[in-house]
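Predicted model, so just to flag it, every value in this text is computed and none were measured. Counting starts at 1 for both ligands and their atoms, in listed order.
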Amino acid sequence: MQKGAALLIVDVQNDFCPDGALAVPGGDRVVEPLNRMAAGFAAAGLPVLASRDWHPPLTRHFSGSGGIWPPHCVRETPGAAFHPALRLPAGTVVISKGIDPDEDAYSAFAGQDAAGNPLGEILACLRVKQLVVGGLATDYCVRSSVLDARKAGLEVVLLTDAIAGVDLAAGDSDTALDEMERAGAIFCSTDEALRRISGLSAP
Ligand code: VGL
Ligand code: ZN
């Protein structure tokens, strides 16, 4: 990790954590490594971005309106808030997605910042070449975001201890990991990634 790196924290929101409307098993385990990673990026002067699922109350994404999911992450509700223990550095760019009632919009690249700038444009403006990714859920939004980042020509480092999956069907997360690896994502632990950005060990 070096100049040109950015951290993307995907959907670490209450509804995807234990007791949430669409709880990912062990979802809150990602908070501690992502806090360390975000602090490391901030200390190195590197950008941090955090996506959030930000649905309208009625959307095709929800069961009852044609989708497969129970209502979750409805914009401006407590379930859509970031996990209370997640520490986002000052200046973190928040990317909202799933706003359109006609789209699932799993990928953070389908999202935009408060001013309406799409994630891809923001990363281009910041001259980001390498995206370090962790968050929820491995088999949906992390997967889609990583595959889109690769399609956009970015290097991707996936933080293997800072992700957790829904596994609606057993093995979904493993399949997603295979797809991401085949697409060229590099797998790395948070500790290893931190050593690299702080320059404590030669890459
Ligand atoms: C997600 C299912 C439905 C995710 C979002 O953030 O991975 N999963 N909506
Ligand atoms: Zn959703």
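Summary: OD2 is the N/O/S atom of D53 found nearest to the Zn ion (ligand 2).
Salt-bridge formation is not detected for the pair R182/E179: no Lys NZ or Arg NE/NH1/NH2 atom is positioned less than 4.0 Å from an Asp or Glu carboxylate oxygen.
For the Zn ion (ligand 2), the N/O/S atoms of C73 include none lying under 2.8 Å. For a distance bound of 2.8 Å, the N, O or S atoms of C141 include none lying that close to the Zn ion (ligand 2).
Note on ring orientation: taking the six-membered ring where Trp is involved, the planes of H72 and H55 are perpendicular (angle over 60°, cut-offs 30° and 60°).
Taking the side chain as every heavy atom from C-beta outward, Q112 and I122 never approach each other to under 4.5 Å. Side-chain contact check for H83 versus V30: every heavy-atom pair is 4.5 Å or farther apart. Side chains of P56 and R75 form a contact here, defined as non-hydrogen atoms less than 4.5 Å apart.
A donor-acceptor contact closer than 3.5 angstrom is absent between the side chains of S65 and R60. When only modelled atom types and interatomic distance are considered, S189 and D161 share no side-chain donor-acceptor pair under 3.5 Å.
Although no hydrogens or angles enter the test, the distance criterion places a donor-acceptor pair under 3.5 Å between the side chain of T92 and the main chain of P89.
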Is there any protein N/O under 3.5 Å from an N/O of ligand 1, and what does the full list of such pairs look like?
from: ligand 1; atom 1: 6 (O); to: D11; atom 2: OD2; distance (Å): 2.6
from: ligand 1; atom 1: 7 (O); to: A137; atom 2: N; distance (Å): 3.0
from: ligand 1; atom 1: 7 (O); to: C141; atom 2: N; distance (Å): 3.0
from: ligand 1; atom 1: 9 (N); to: D53; atom 2: OD2; distance (Å): 3.1
from: ligand 1; atom 1: 9 (N); to: H61; atom 2: NE2; distance (Å): 3.1
from: ligand 1; atom 1: 9 (N); to: H72; atom 2: NE2; distance (Å): 3.1

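With the Zn ion (ligand 2) as vertex, H72 NE2 and H55 NE2 subtend 100°, rounded to 10°.
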